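Atoms considered below: every heavy atom in the structure, side chains included; atoms not considered: hydrogens, waters and symmetry mates. Residue numbers start from 1 in every chain, and the chains themselves are labelled A, B, ... in the order their sequence lines are given, proteins ahead of strands. Owing to the predicted nature of the structure, the values given are computational and were not obtained by experimental measurement.
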Amino acid sequence: MEPVQELMKVRIRKMEELKSFGIEPYPQRAWECQTTEKIKELYGNMEEEELKESSPSVRCAGRIVSFRDFGKSVFFHILDRKGKIQIYARKDVLESPEYELFKKFDIGDIIGVEGTLFKTKTKELTILARNIVLLAKSLRPLPEKWHGLKDIEERHRKRYLDLIVNEKIRDVFVKRSRIVNFIRLYLTERDFLEVETPMMHLIPGGADAKPFMTHHNALDLDLYLRIAPELYLKRLIVGGMERVFEINRNFRNEGISVKHNPEFTMLEFYQAYATYEDLMRLLEDLITRLVMEIHNGTKINFKGSVIDFSPPWQRYKMEEALEVIGGLNVREESLENLQKLARDLGMEDVNGASRGKLLTKIFEALCEEKLINPTFVTHYPVDVSPLAKRSKEDPDIVERFELYIGGMEIANGFNELNDPFDQKERFINQAARKGQDYPIDEDYIMALEYGMPPTAGCGVGIDRLVMVLTDSPSIREVILFPLLRP
RNA sequence: GGGCCGUUAGCUCAGUCAGGUAGAGCAGCUGACUCUUAAUCAGUUGGCCGGAGGUUCAAAUCCUUCACGGCCCA
């Protein structure tokens, strides 16, 4: 028998014993109570004497996470969604269950507690238990109380244990929810309409990535999980919705890394009659306020360095960034030199690549990880931006920005290409590069032919933003159940 | 896909360089203890050393290979 089963056997034996005394291990019973946080909020500031006089009665529930046994009394902590509170069970005070039966309870058990509050001599607010009810028996031993669960693989595979044992991880996901809520509120207050567009696409579009395939049986139809919602959201702009956003999953069938999970969460928002300049200002405002909301300040720590969100944020044209940060004067570099440089940086098939593609690749290799403070990079080459509008001054450049924070690409926005002729031509060129059978979204072209108002749109990688705001080194730390090999 | 590192008790880790009876702390179990909080004190159970091959009188340790993970590169 495996040793863990011996530990379980002990717990099962205790469970049987409790049952024989009429204590159900898995009752379906409601236990109305306050959170530990609420109890601390209401009574935490009261003096010992004051508490002693009023001795307020409270009820709470949670999981037993520690147990200090003194024979005829026990101190232990329970953990609920808001935190921990100490409970004190004494043989001469506990009414039910019988004290000896209560001592059969284990760390990990989920219980309800009813009792009166007092403060220990170390001033810790504690519940002197009168009634304790078993709400669910725990049969497996929890990870160690002091070191917790450290093994990264185990933490991701058994996220429930990670959440029980590692307070910081609970906090990451609380913050993640607050971040998404904040963004949602910010946009809806500005009259953006939240929408949901298809996850299953006939033609994968809106980004340059390999899709996951699936199949609809009744229609006998191959479908793709979306790589981006962009083309559908812009159809809604054509439809007159004017301001829309969607926060949802995208799926990209590519490598997994510290910055990439095959399914990830993206915010995309589109605003008619706005320009990408407007959206840079909006993003700067949104994220600065978000940082203030989460951190009560504009400076935060991320991976050992300090990120300062105080506006205005640095802006570079891509060529400037290459020069200032990468130390490369691109105007003077020949195509051959750029190809050689790209090849040295590990880029494959440099010979077929355009100047714009090479520059973008070199920019990403030389500059990206050095852009720690929020930085907008603008003036992207047209051939890496098939859905963005060309610059009036230079048709090889598009009116586009990317936002970098903490050495990662966080957002990408541009003036939307609404010229159906230019769009069709770019789709055709893209298809030619991708090879035969690469589908063109004719319906999207048709939508543009009906007329799309001048619009700016932007995508924000929510997972990466959460990484930055929670100082998490890996995207897997901000996704509850990241993809793992079985 | 490539390189490096890791996988030992439920958990956290020693032990691997230099082969010679598999260790500690916590958790568990038995006791003692009615203000502890990593409680304390005494005793104690628990191992397919990731899997499979190989070398050797002898393998957690050396070699090969596979699986899973981490970091870096693509």
Taking the same atom, P, in B/G46 and in B/G25, what whole-Å distance lies between them? 16 Å
Does A/E333 have any side chain to side chain donor-acceptor pair (under 3.5 Å) partners at least two apart in sequence or in another chain, and if so, which? A/N337
Under 4.0 Å between a Lys/Arg side-chain N and an Asp/Glu carboxylate O for A/K38 and A/E41? yes
Hey, does A/K14 reach any base, or is it just sugar-phosphate, or nothing, if we go heavy atoms under 4.0 Å? sugar-phosphate
Using the P atom on both, measure B/U65 against B/C48 and round to a whole Å. 27 Å
Which value, in whole Å, describes the distance between the C1' atoms of nucleotides B/U30 and B/G51? 38 Å
A/V330 vs A/L359, side-chain contact (heavy atoms from CB on, under 4.5 Å): CA-CA, chis, key distance, verdict: CA-CA 8 Å; A/V330 294; A/L359 285 180; 3.5 Å; yes
Between the side chain of A/S385 and the main-chain N/O of A/P381, is any donor-acceptor distance below 3.5 Å? yes
A/F67 vs A/F102 aromatic rings, parallel, tilted or perpendicular, using cut-offs 30° and 60°? tilted
Considering only atom P, compute the distance from B/C62 to B/C5 and round it to an integer number of Å. 12 Å
Go along nucleotides 66-74 of chain B 5' to 3' and tag each nucleotide: B for a protein heavy atom under 4.0 Å from its base, S when only backbone or sugar atoms are that close, - otherwise. --SSS-S-S
Are A/E402 and A/Y404 linked by a side-chain donor-acceptor pair shorter than 3.5 Å? yes
Taking only the side-chain heavy atoms of A/K145 (C-beta and beyond), determine which of B/A39, B/U12, B/G28 contains the nearest atom. B/A39
What integer number of Å spans the P atoms of B/A38 and B/C26? 13 Å
Should B/U55 form a Watson-Crick or G-U wobble pair with both distances under 3.5 Å, which nucleotide is its partner? none
Whom does B/G23 pair with, Watson-Crick or G-U wobble, provided both distances fall under 3.5 Å? B/C13
Under 3.5 Å on both distances, the Watson-Crick or G-U partner of B/C29: B/G43
Identify the nucleotide, in any strand shown, that forms a Watson-Crick or G-U wobble pair with B/C71, with both distances under 3.5 Å; if there is none, say none. B/G3
NA contact type, A/L7, heavy-atom cut-off 4.0 Å: base, sugar-phosphate, or nothing? base
Distance alone, cut at 3.5 Å: any donor-acceptor contact between the side chains of A/E477 and A/S472? no
We want to know whether A/D80 and A/T35 form a side-chain donor-acceptor pair, criterion being a heavy-atom distance below 3.5 angstrom. no
Salt-bridged, A/D92 to A/R90, with N to O below 4.0 Å? yes
If I pick the C1' atom on B/A22 and the same atom on B/U61, what distance separates them, to the nearest angstrom? 12 Å
What does B/C48 pair with, Watson-Crick or G-U, if both distances are under 3.5 Å? none
Atom pairs, N/O to N/O, protein against nucleotides 30-35 of chain B, distance under 3.5 Å?
{"residue": "B/C33", "atom": "N3", "partner": "A/D69", "partner atom": "O", "Å": "3.4"}
{"residue": "B/C33", "atom": "N4", "partner": "A/G71", "partner atom": "N", "Å": "3.2"}
{"residue": "B/U34", "atom": "OP2", "partner": "A/F70", "partner atom": "O", "Å": "3.3"}
{"residue": "B/U34", "atom": "O4'", "partner": "A/S73", "partner atom": "OG", "Å": "3.1"}
{"residue": "B/U34", "atom": "O2", "partner": "A/R90", "partner atom": "NE", "Å": "2.9"}
{"residue": "B/U34", "atom": "O2", "partner": "A/R90", "partner atom": "NH1", "Å": "3.1"}
{"residue": "B/U34", "atom": "O2", "partner": "A/R90", "partner atom": "NH2", "Å": "3.1"}
{"residue": "B/U34", "atom": "N3", "partner": "A/R90", "partner atom": "NH2", "Å": "3.4"}
{"residue": "B/U34", "atom": "O4", "partner": "A/D92", "partner atom": "OD2", "Å": "3.4"}
{"residue": "B/C35", "atom": "O2'", "partner": "A/K121", "partner atom": "NZ", "Å": "3.0"}
{"residue": "B/C35", "atom": "O2", "partner": "A/K121", "partner atom": "N", "Å": "2.8"}

Tell me which nucleotide, if any, is Watson-Crick or G-U wobble paired with B/C35 when both distances must be under 3.5 Å. none
Considering only atom C1', compute the distance from B/C4 to B/C13 and round it to an integer number of Å. 22 Å
